[in-house]
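Here is the naming used below: chain letters follow the sequence lines, and residue numbers restart at 1 for every chain.
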2 protein chains.
Amino acid sequence: MSEKRKPSGFLLKQRAFLKLYLITLTEQERLYGLKLLDVLREEFQPFGYRPNHSEVYKALHDLIEEGILEQVKKKKEGMKYQEVVYYRFTEEGYKKAQLYKRQLKTELDRCEALIRKAIKDNFS
Amino acid sequence: MSEKRKPSGFLLKQRAFLKLYLITLTEQERLYGLKLLDVLREEFQPFGYRPNHSEVYKALHDLIEEGILEQVKKKKEGMKYQEVVYYRFTEEGYKKAQLYKRQLKTELDRCEALIRKAIKDNFS
DNA sequence: GTATGAACAGCTTGTTCATGG
DNA sequence: CCATGAACAAGCTGTTCATAC
């Protein structure tokens with residue numbers, strides 16, 4: 001009775017989108033959860049997109065389960081006691097991350113094409 | 001306890017996307033449910049998107065509830081008995097539809113910008 | 001088999017709660 | 001207050017069932 005469902009292939013999901021950004025941000029700079037959320041919200045604010053904290057944490061946890069990232073618990077800079085969770089690539093993780101990014105590039109190109117088609121088909 | 005949830009403003013939903021196409025197709029040519037589905041599937045097939053029949057019906061029903069479209073039950077061309085449901089704009093519907101399309105144009109532009117930003121941010 | 005529609009079930013995601021510093 | 005995480009619940013969407021021709 002419980003079958004797995006095949007997605008119709010509409011636009012990509014928020015979770016995948018966030019995972020892509022989290023990989024790229026990890027390549028650039030080591031940050032922790034809520035700080036990543038801040039950065040993302042600021043980046044997307046002009047685009048009317050405001051992710052919530054749970055989605056970011058779940059995306060990070062997904063990347064851990066896939067063996068791409070691992071946690072590093074550290075004291076927050078300047079704080080004596082506040083411990084926060086930073087992320088870095090695992091041994092195998094960077095290679096896996098590059099593969100994931102290549103897949104997402106294809107997916108983003110597809111979505112862009114779909115949206116451009118809709119603009120063309122409905123507004124020309 | 002049951003609050004309405006505020007969307008985070010990620011990409012537009014499939015339902016809205018289909019409603020836009022159904023309005024435009026109704027402007028161009030009068031068709032019925034499953035035929036509209038055929039047309040849409042053929043259009044999107046190169047883009048890996050294959051909507052299912054329920055989503056198309058639900059989108060049509062939404063447009064009826066919003067007072068944009070109405071049903072016209074007719075015999076299928078060449079068929080004596082097979083009755084199918086065609087759609088046309090209501091009296092007020094065409095004006096409402098143009099408003100909806102203007103809103104969707106803004107939304108599609110926003111989504112395109114978001115995707116282009118993601119490509120730029122993650123693949124440059 | 002084609003067509004329409006509703007009911008159901010699974011997936012996605014936003015809100016709330018719990019714990020700790 | 002900030003930070004992390006899990007539990008919960010609402011919303012979206014794919015599959016199945018029912019009805020009719």
Side-chain angles (χ1 to χ4, degrees), chain A residues 1-19 22 30-41 44 48-65 69-87, chain B residues 1-19 22 30-41 44 48-65 69-87:
Chain A
M1 295 301 144
S2 54
E3 309 293 326
K4 60 184 74 163
R5 305 197 319 179
K6 172 165 39 161
S8 69
F10 188 54
L11 302 176
L12 91 165
K13 302 294 182 217
Q14 182 180 195
R15 184 76 56 88
F17 186 90
L18 288 176
K19 283 164 67 181
L22 292 170
R30 195 155 302 165
L31 292 171
Y32 63 94
L34 281 201
K35 185 57 70 182
L36 288 159
L37 180 66
D38 279 350
V39 171
L40 293 169
R41 282 183 174 170
F44 298 132
Y49 170 42
R50 187 171 187 279
N52 62 53
H53 85 275
S54 275
E55 273 303 306
V56 169
Y57 282 124
K58 281 183 275 189
L60 286 166
H61 299 340
D62 279 3
L63 291 168
I64 291 169
E65 278 187 25
L69 294 185
E70 64 188 0
Q71 297 190 326
V72 190
K73 286 177 177 137
K74 280 189 191 167
K75 303 259 181 302
K76 200 169 161 185
E77 255 185 62
M79 298 283 174
K80 275 220 184 63
Y81 301 113
Q82 180 76 10
E83 208 175 50
V84 295
V85 182
Y86 290 82
Y87 294 87
Chain B
M1 297 305 142
S2 54
E3 309 292 328
K4 61 184 72 161
R5 304 195 322 176
K6 173 164 40 162
S8 69
F10 188 54
L11 302 176
L12 92 165
K13 301 295 181 219
Q14 181 180 198
R15 184 76 56 87
F17 186 90
L18 288 176
K19 283 164 67 181
L22 291 169
R30 194 155 304 164
L31 292 171
Y32 62 94
L34 282 201
K35 186 57 70 181
L36 288 159
L37 180 66
D38 280 350
V39 170
L40 292 169
R41 281 183 175 169
F44 298 131
Y49 170 41
R50 189 172 185 277
N52 62 53
H53 84 275
S54 274
E55 273 302 307
V56 170
Y57 282 123
K58 281 182 274 188
L60 286 166
H61 298 339
D62 279 4
L63 290 168
I64 291 170
E65 279 187 26
L69 295 184
E70 63 188 0
Q71 297 190 326
V72 189
K73 284 176 179 140
K74 279 189 189 166
K75 304 257 182 302
K76 201 169 158 184
E77 255 183 62
M79 297 283 174
K80 274 219 184 65
Y81 301 113
Q82 179 77 13
E83 210 175 49
V84 295
V85 181
Y86 290 82
Y87 294 87

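Across the protein-nucleic acid pair, A:Lys13 atom NZ and D:dG11 atom C1' stand 12 Å apart, rounded to whole Å. As a whole-Å value, the separation of B:Leu12 CG from D:dT13 C1' is 14 Å. Residue B:Lys4 contributes atom NZ, which lies 18 Å from atom C1' of D:dC12 at whole-angstrom precision. Look at CZ on B:Arg5: it is 8 Å from P on D:dC12, rounded to the nearest Å. Atom CG in A:Leu37 sits roughly 13 Å away from atom C1' in C:dG14 (whole-Å rounding). If you take CG of A:Leu34 and C1' of D:dA3, they are 5 Å apart, rounded to a whole angstrom. Between A:His61 atom NE2 and C:dT12 atom P there is a gap of 17 Å when expressed in whole angstrom units. Across the protein-nucleic acid pair, B:Leu36 atom CG and C:dA3 atom P stand 11 Å apart, rounded to whole Å.
Applying the 4.0 Å criterion to OP1 and OP2 of D:dA3, one finds that A:Tyr32 has a side-chain N or O inside that range. In terms of phosphate contacts, A:Gln71 brings no side-chain nitrogen or oxygen within less than 4.0 Å of OP1 or OP2 of D:dT4. Contact between the side-chain N/O atoms of A:Tyr57 and the OP1/OP2 oxygens of D:dG5 is not found at any separation under 4.0 Å.
The CZ atom of B:Arg50 sits 6.5 Å away from atom NZ of A:Lys6, with the distance rounded to the nearest 0.5 Å.
Nucleic acid contact class of B:Lys58 (heavy atoms, under 4.0 Å, all strands): base. Here A:His53 lies in heavy-atom contact (under 4.0 Å) with a base. Among the protein residues, B:Ser54 comes within range of the nucleic acid bases, having at least one heavy atom under 4.0 Å from a base atom. The residue A:Tyr87 sits close only to the backbone: its heavy atoms come under 4.0 Å of sugar-phosphate atoms, none of a base.
The aromatic rings of A:His61 and A:Tyr57 sit parallel, their planes meeting at an angle under 30°, below the 60° perpendicular limit. Using a 30° and 60° split on the angle between ring planes, A:Tyr86 and A:Tyr32 fall in the perpendicular class, above 60°.
B:Phe44 and B:Pro51 get closest at one heavy-atom pair: CD1-CD, 4.5 Å.
For B:Glu55, the side-chain atoms get nearest to D:dT13 when compared with the rest of D:dC2, C:dG14, D:dT13. Side-chain proximity of B:Asn52 to the nucleotides D:dA10, D:dG14, C:dA6 is greatest for D:dG14. For B:Val85, counting side-chain heavy atoms from C-beta on, the closest listed nucleotide (D:dG5, C:dG5, D:dC12) is C:dG5.
A:Asn52 places a side-chain N or O within donor-acceptor distance of the main-chain N or O of A:Glu55, the cut-off being under 3.5 Å.
Remark on DNA chain D: of its neighbouring residues A:Leu60 and B:Ala16, the 5'-side contact belongs to A:Leu60, judged by nearest-heavy-atom nucleotide.
Residue-to-nucleotide contacts include no donor-acceptor pair under 3.5 Å from the side chain of A:Arg15 to the base of C:dT13.
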